[in-house]
Amino acid sequence: MTSIGFIGLGHMGGPMAANLVKAGYTVSGYDLSPQSLEAARQNGVALCSTLEEAVARSDIAITMLPAGQHVVSVWKDLLAAIAPGTLLIDCSTIDIESARQAHAMARAKDCPSLDAPVSGGTSGAAAGTLTFMVGGERDVFLRAETLLRAMGKRIIHCGDASAGQAAKICNNMILGISMVAVGEAFVLAEKLGLSHQALFDVASVSSGQCWSLTSYCPVPGPVPASPANHDYQPGFAAALMLKDLKLSQEAALACGAVTPLGHEAERLYQQFNDHGQGQTDFSAIINLLREKSTTAGL
Ligand code: NAD
């Protein structure tokens with residue numbers, strides 16, 4: 001039986017580890033937070049009092065941590081505790097540079113490694129329906145595929161080391177920009193006296209169609225399940241959208257890509273967060289656009 005050391009049992013890692021237990025894997029877990037540990041214990045994860053204990057006898061170590069600096073630091077410690085050949089998988093969303101550094105550290109210890117960030121949020125983590133975007137060598141990907149399938153529905157090999165992170169930040173840059181675009185269209189429609197439903201009925205079957213409109217509509221009514229119908233409870237918190245947009249802009253700057261709309265989306269989400277809205281669903285960015293429109297006296 002494959003044994004897994006799982007580090008980072010928070011909103012995403014907790015339910016992901018629980019799904020591995022359900023699929024029959026032996027999971028040893030470690031987290032700095034006592035609450036996260038207790039929730040994981042109730043889901044059948046064997047608790048460890050140190051990081052090293054969680055990974056020492058594991059065939060595979062998985063990390064699900066807040067940011068690049070946490071991943072690099074944790075991988076440094078766990079690489080000192082594991083045997084060569086142990087597979088390392090980082091599922092966190094982190095910057096490209098840290099992802100490359102983590103892969104290089106693993107390579108130096110003869111450990112195969114993958115970056116495998118996810119989309120699908122906490123509900124996808126609980127339901128085991130995440131999308132995994134995976135970077136790393138193809139044979140390593142094939143070795144991990146069955147395990148990832150216990151936590152996700154779509155498992156996509158994106159290319160070599162850090163390609164998973166690249167796919168994640170490019171996708172979320174599209175999402176951030178498109179949500180602002182859809183929000184802008186609804187605010188303009190309001191000012192022009194066009195109903196939300198009429199704009200939706202036209203744009204959802206016309207060239208303005210996109211996921212932010214048809215699956216995650218930022219106004220209540222047209223898509224009953226979208227967070228706009230539930231006072232913008234996340235969903236996907238605006239603070240996480242800002243994090244991902246910042247990662248996209250950092251990467252764009254480093255590689256010389258021109259992303260003016262990504263830059264503007266980052267600026268707007270920064271303002272939204274500065275207004276204390278970081279824990280609101282990201283589709284509520286429409287409220288910032290409304291506020292600005294009113295201020296402008298349009
Ligand atoms: P979270 O803050 O709930 O969980 C992170 C966990 O890591 C916490 O429990 C924290 O105690 C633990 N941790 C931090 N440093 C540690 C260390 N040195 N050793 C052990 N444990 C440590 O965050 P989350 O929402 O679970 O997100 C995790 C990652 O997934 C992030 O990179 C995030 O961007 C990404 N992500 C989140 C979502 C979402 O909807 N929440 C969706 C997609 C991707």
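For this chain, numbers begin at 1 and follow the sequence in order. Order of listing sets the numbers, starting from 1, for every ligand and every atom in it.
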Peer 1: For Met12, is at least one N or O under 3.5 Å away from an N or O on ligand 1?
Peer 2: yes
Peer 1: Test salt bridge (charged side-chain N to carboxylate O under 4.0 Å, His left out) on Lys246 and Glu250; report intermediate values, then the result.
Peer 2: CA-CA 6 Å; Lys246 280 183 186 297; Glu250 204 178 294; over 6 Å; no
Peer 1: Before signing off on this row, confirm whether Asp244 and ligand 1 have an N or O atom pair separated by under 3.5 Å.
Peer 2: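 No: no nitrogen or oxygen of Asp244 is under 3.5 Å from one in ligand 1.
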Peer 1: Could you check whether Phe282 and Phe272 have their ring centres less than 6.0 Å apart?
Peer 2: no
Peer 1: Return yes or no for this condition: an N or O of Thr93 is under 3.5 Å from an N or O of ligand 1.
Peer 2: yes
Peer 1: Is the shortest distance from a heavy atom of Ser36 to ligand 1 less than 4.0 Å?
Peer 2: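 Ser36 counts as a contact of ligand 1 under the 4.0 Å cut-off.
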Peer 1: Report yes if Tyr30 has an N/O atom closer than 3.5 Å to an N/O atom of ligand 1; otherwise report no.
Peer 2: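 N/O-N/O distance below 3.5 Å does not exist for this pair.
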Peer 1: Considering only heavy atoms, which of Leu247, Leu37, Leu32, Thr50 lies nearest to atom 21 (N) of ligand 1?
Peer 2: Leu32
Peer 1: Only one of Ile62, Thr63, Leu32, Asp90 passes side-chain contact (heavy atoms from CB on, under 4.5 Å) with Ile7; say which it is.
Peer 2: Thr63
Peer 1: Tell me, please: is Leu51 in heavy-atom contact with ligand 1, that is, under 4.0 Å?
Peer 2: no
Peer 1: Could you check whether the rings of His157 and Phe141 sit parallel, tilted or perpendicular, using 30° and 60° as the cut-offs?
Peer 2: parallel
Peer 1: Is there a nitrogen or oxygen of Val74 sitting under 3.5 Å from a nitrogen or oxygen of ligand 1?
Peer 2: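 Val74 vs ligand 1: no N/O contact under 3.5 Å.
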